[in-house]
Number of protein chains: 2
Amino acid sequence: MKKIKRVLISVYDKSYLSHLVSTFKKYEVEIISTGGTKKAIENLGANVTSVESITKYPSILGGRVKTLHPNIFGGILNRADIQSDQKDMDQFNIHTIDMVIVDLYPFQEAVEQNADNSEIIEKIDIGGVSLIRAAAKNYKDILIVPSTEHFDLANNLMISNHCCTNIKQRLSFAQKAFNVTSNYEYNIATYFDSTNKENPKTPNTFKQNILSSKKLRYGENPHQDGVYYGKLNELFDQLNGKELSYNNLLDIDAAVNLIEEFEEPSFGILKHNNACGFASNKNLEDAWDQALAGDPISAFGGVLITNNNIDLKIASKINTLFFEVLIAKDFSNEALDLLKSKKSRIILKKKNANLGEMSFRTVLNGVLLQTKDLITDGHDLKLMSNLDVNTNQMSDLIFASKICKHTKSNTIVLAKNKQLLASGCGQTSRVDALRQAIIKAKHFGFSLENAVMASDAFFPFPDCVEIAEKEGIRAVIQPGGSKNDQLSIDYCNANNMAMIFTGTRHFKH
Amino acid sequence: MKKIKRVLISVYDKSYLSHLVSTFKKYEVEIISTGGTKKAIENLGANVTSVESITKYPSILGGRVKTLHPNIFGGILNRADIQSDQKDMDQFNIHTIDMVIVDLYPFQEAVEQNADNSEIIEKIDIGGVSLIRAAAKNYKDILIVPSTEHFDLANNLMISNHCCTNIKQRLSFAQKAFNVTSNYEYNIATYFDSTNKENPKTPNTFKQNILSSKKLRYGENPHQDGVYYGKLNELFDQLNGKELSYNNLLDIDAAVNLIEEFEEPSFGILKHNNACGFASNKNLEDAWDQALAGDPISAFGGVLITNNNIDLKIASKINTLFFEVLIAKDFSNEALDLLKSKKSRIILKKKNANLGEMSFRTVLNGVLLQTKDLITDGHDLKLMSNLDVNTNQMSDLIFASKICKHTKSNTIVLAKNKQLLASGCGQTSRVDALRQAIIKAKHFGFSLENAVMASDAFFPFPDCVEIAEKEGIRAVIQPGGSKNDQLSIDYCNANNMAMIFTGTRHFKH
């Protein structure tokens, strides 16, 4: 255990000092400080040795250079067990500092408040970071307290150990210290990157530093540990239910991205990240009925989402289903009261928040990063067949193509009157996806006569349009781009079918 | 444009100084330095002003404190356009420094060389980081060159502009500088985190900093930008073919994780991250034939993987298939010559490399992180039915369960004699997954008589065992854990079927 005799304090935020200062007074620890921190400590009734009296140098450049002096850094960086260090200390009359308390200039706050560049730059702390790093490097001899966040922890340690610390405690604070400087430097680098307009969206370095975290009960499976980094409360108000799980979050991500494609009142039901039911209808109640009819079996335990408000009438219908999550724009009080009758149901009120333009995931021994797929189908559509589509078919084709984009590949989506009849999803072959969709649609009693078909990628062969045509499907939408495109188009022309190209592939894995 | 009159140089690696020093000599720039750097520059024939002559203070504590002095940091941090700063400069006789060149102590190299703790700690650069940060903060007046990596760029700039720089150039170097310190601090924080044995696998902060990057032609789709961060050459030697794409990497990740479950000679064929063919057989040629037979349609354009060596005989068979990627332990020269006949085919020789224990991905406005699913089925299996399984069935059940683990959920896998007959994958309902697997298996001519069934999660109802039994399936493996488990077990007992519980769910999305 080492006794703390001298502490250097240099903090931006002075409002949390009183407990520590009381403790130092009680244990007769000499306090060294400068400028505003010195004044604040003196106002708390403690004596302070000025940094200037140690350095024999005033604070210069409007406070930009205060502590950067050998008499201070020697006091921090000298090693108690190195004889030559201690000889230097004697020769230059430098006194050891046993503890350093710092609170850095609030750089990130200035960035978030959109302060102007010169103000942000002025908030780059030079002296404070140097003090933290020097003290943390010398943790064998020094205790570093790197931010106000750690003041209570440090004060409790001081009190319970009578201002003594052991190496394990000092190492633990050094670890916190380098996490503080690492995060601080990450924020500065990210700010400088953002000011460089020539920066590509896919930079050469993959940098991340997210401080908000929420431990999850477990990961994708109970034997895996899971955690979410980010601020979910900026996206949702959770109005009811148990804690969100890893798999809930995956489903909610898929649901939110899907629903954002649609402006008309719409309802979606998702399982394992894919829509098993979806419908758009100017009457939201009808949209719910149609979404549920798409696959009432899969809907069991699903994630439900709408871009509209839930009133009591719709809530009464939803209430009869066992579901995990319900996401809506808002809820009437009566609707909410009813839906809350089951305590574990997760009910989320969605806010408008930016989900960002980039996605990334671990793959092999690294990370794959990409710009998100942000193209919504419906523009620059090209009629490829002799037969044109009617207005109803066109809106169904766009509807189906939007669902395709958010369904795992390979996928085929069958739809009619803005109702998802069935999809084949996550398939290793496109024909399998279509066959699966047909079987599912028929299983739940739908006729495919005059339905439309959407594909997330081109048809390498005309087999899909052949199979679709035999089921009564008359209009097809797909990206196009196969060297065999013409075979599918020819088949459409010979069989009274219409085909539209979007020009945009939507693989999603 | 600002002319550089005085440069401070403090570098760990002295071997790249000669060009810069020549340039400074040519343009009569005053060089300030100390210690080893000073000697190295003098050896290059240039005059050097010592830091000590400016600070009137020697280097102390074995070099731990050299440049940390107001006469140096005042020279770096003073603002040319602030009158009071310049008054301080005059009063304290401090001279402006126009350029700072630093190369930090190689902290990360010491970590990677497994140096002992005290050696690693000594490699935490205090003075160098302070110099970089101070100069970068004051980029309006100063040019900062933060590592040897940037020496050539800086020297070219000096030569082409006669040792003058503009603000845009200085800002660009400041951006590099904070990326250097950010990465440096990340490495230190990560090291300190790693020394804390109490650290959870899911820490409170999500920190990443990967410097190796490889731009991809595009992302998941052609309209998306993509990049891979990591060192693929530590995993594979690419022996042939075009550049790996985003979707190749996703498939290869799935393939590598799947094949690592199997010790017997095995072959897998993957499409859209799922196995469409897989077989284990002591004869690798038979394993290939059986894997391909699983779904010869999906295999078109697939990713092929084996845990064994490819000889000419197998290569001749594989050569008839159109595929994207082939991964093997090794290749005979003849086999490789034949396979290389198509230039775009990607051929990878897999090395033994660690893929890490954690996975993460962007979800909503943040990141989901989890420990990987590292439990391999085959241990602690529990017989739940009255009927036991025979040895063949048991090895088929374990085989099928391993494939389940690496197939997207919901999934049902049907197998016989260590051959994948078919899987239903990525489904919104478990019954759909089973139905799909049955249809696919029959479509490719397999009898399900005495096949086994594996499920990645429990059966909420007995419907799956009922359907399976009608197809001749006599043994089932699943995690168990439903409140309705007994219904499925009862059905097995009443119908001469065996059921094994693994106790481990394997959702994968």
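Per chain, numbering begins at 1; letters A, B, ... match sequence-line order.
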Student: Ignoring hydrogens and angles, tell me if any N or O in the side chain of A:R133 forms a donor-acceptor pair with the backbone of B:G127 under 3.5 Å.
Tutor: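 A pair under 3.5 Å: no.
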
Student: Heavy-atom distances under 4.5 Å only: say whether B:V65 touches chain A with side chain, backbone, both or neither.
Tutor: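 Looking at B:V65, just its side chain touches chain A.
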
Student: Using ring centroids (six-membered ring only for Trp), state whether A:F178 and B:Y184 fall under 6.0 Å.
Tutor: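 That pair fails the under 6.0 Å test.
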
Student: With a 4.5 angstrom heavy-atom cut-off, is it the side chain or the backbone of A:Q91 that approaches chain B, or both, or neither?
Tutor: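 When you check distances to chain B, no heavy atom of A:Q91 falls under 4.5 Å.
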
Student: For the residue pair B:N410 and A:K271, confirm or rule out a side-chain donor-acceptor distance under 3.5 Å.
Tutor: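 B:N410 vs A:K271: no donor-acceptor pair found between side chains.
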
Student: What part of B:I76 gets within 4.5 angstrom of chain A, counting heavy atoms only: side chain, backbone, both, or neither?
Tutor: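 Contact with chain A: none, neither part.
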
Student: Side chain, backbone, both or neither: which part of B:D225 has a heavy atom under 4.5 Å from chain A?
Tutor: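 Its backbone and side chain both get close to chain A.
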
Student: Just checking, is any N or O donor in the side chain of A:N71 or B:Y57 under 3.5 Å from an acceptor N or O on the other one?
Tutor: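 Side-chain D/A pair, A:N71 to B:Y57: present.
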
Student: Side chain, backbone, both or neither: which part of B:K214 has a heavy atom under 4.5 Å from chain A?
Tutor: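 For B:K214, no heavy atom lies under 4.5 Å from chain A.
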
Student: Quick one: what part of B:I94 sits under 4.5 Å from any heavy atom of chain A, side chain, backbone, both or neither?
Tutor: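 For B:I94, side-chain heavy atoms alone lie under 4.5 Å from chain A.
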
Student: Name the one of B:Y218, B:Y246, B:Y228 that satisfies side-chain hydrogen bond (donor to acceptor under 3.5 Å, both in side chains) with A:Q370?
Tutor: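 So the option named by the test is B:Y246.
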
Student: Side chain from CB out, backbone as N, CA, C, O: work out which of these in A:N247 comes under 4.5 Å of a heavy atom of chain B, or both, or neither.
Tutor: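 Just the side chain, heavy atoms under 4.5 Å.
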
Student: Against chain A, label B:P479 side chain, backbone, both or neither, depending on which of its atoms sit under 4.5 Å from a heavy atom there.
Tutor: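 Neither part; nothing is under 4.5 Å.
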
Student: Non-hydrogen atoms of chain B under 4.5 Å away: do they reach the side chain of A:K408, the backbone, both or neither?
Tutor: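 Just its side chain gets close to chain B.
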
Student: Could you look at B:L216 and say if it's the side chain, the backbone, both or neither that has a heavy atom under 4.5 Å from chain A?
Tutor: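 Side chain only.
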
Student: Is it the side chain or the backbone of A:T504 that comes within 4.5 Å of chain B heavy atoms, both, or neither?
Tutor: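 The answer is the side chain of A:T504.
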
Student: Verify the distance criterion only: is there a donor paired with an acceptor across the side chains of B:N204 and A:Y229 at less than 3.5 Å?
Tutor: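 B:N204 vs A:Y229: no donor-acceptor pair found between side chains.
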
Student: Does either side chain, that of B:N365 or that of A:N354, offer a donor lying less than 3.5 Å from an acceptor on the other one?
Tutor: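 Side-chain D/A pair, B:N365 to A:N354: absent.
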
Student: Within the distance-only criterion (no hydrogens, no angle test), does the side chain of A:K137 pair as donor or acceptor with the backbone N or O of B:I124 below 3.5 angstrom?
Tutor: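 Yes.
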
Student: Between A:E220 and B:S359, is any pair of side-chain heavy atoms under 4.5 Å apart?
Tutor: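 No, too far: nothing below the 4.5 Å cut-off.
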
Student: How about A:L171 and B:F192: do any of their side-chain heavy atoms sit closer than 4.5 Å?
Tutor: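 A:L171 reaches B:F192 side chain to side chain.
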
Student: Given a strict heavy-atom distance threshold of 4.5 Å, which part of A:Y191 is in contact with chain B: side chain, backbone, both, or neither?
Tutor: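 Neither the backbone nor the side chain of A:Y191 comes within 4.5 Å of chain B.
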
Student: Name the region of B:E122, side chain, backbone, both or neither, that has any atom closer than 4.5 Å to a heavy atom of chain A.
Tutor: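 It is both, since atoms from each part get that close.
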
Student: Crowded around B:K215 NZ? As in, over 12 foreign heavy atoms under 6.0 Å?
Tutor: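 Buried by this count: over 12 neighbours within 6.0 Å.
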
Student: Please classify the contact between B:Q436 and chain A as side chain, backbone, both or neither, with a heavy-atom cut-off of under 4.5 Å.
Tutor: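 When you check distances to chain A, only side chain atoms of B:Q436 fall under 4.5 Å.
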
Student: May I ask you to check whether A:F73 and B:H69 place their ring centres under 6.0 Å from each other?
Tutor: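 For B:H69 and A:F73, the ring centres are not under 6.0 Å apart.
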
Student: If we ignore hydrogens and angles and just use 3.5 Å, is the side chain of B:T362 paired with the main-chain N or O of A:F360 as donor and acceptor?
Tutor: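 The answer is yes, because a donor-acceptor pair under 3.5 Å joins these two groups.
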
Student: Less than 4.5 Å apart, side chain to side chain, heavy atoms only: is that true for B:L364 and A:V256?
Tutor: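 The answer is yes; the side chains approach within 4.5 Å.
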
Student: For the residue pair B:E185 / A:T181, report whether a side-chain donor-acceptor contact shorter than 3.5 Å exists.
Tutor: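 Indeed, the side chains of A:T181 and B:E185 share at least one donor-acceptor pair under 3.5 Å.
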
Student: I'd like to know if the side chain of A:K440 and the backbone of B:D432 have a donor-acceptor N/O pair within less than 3.5 Å.
Tutor: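 No, the answer is negative, given that no donor and acceptor are paired below the 3.5 Å cut-off.
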
Student: Is the backbone N or O of B:A134 less than 3.5 Å from a side-chain atom of A:R64, with the two atoms forming a donor-acceptor pair by type?
Tutor: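 Absent.
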
Student: Could you tell me if B:H509 and A:N273 have a donor-acceptor pair between their side chains, going purely by distance under 3.5 Å?
Tutor: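 No, B:H509 and A:N273 have no side-chain donor paired with an acceptor closer than 3.5 Å.
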
Student: Would you say the side-chain atoms of A:D88 pair up with the backbone N or O of B:L61, donor to acceptor, closer than 3.5 Å?
Tutor: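 Answer holds: yes.
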
Student: Heavy-atom distance under 4.5 Å to chain B: side chain of A:K87, backbone, both or neither?
Tutor: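 Neither part.
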
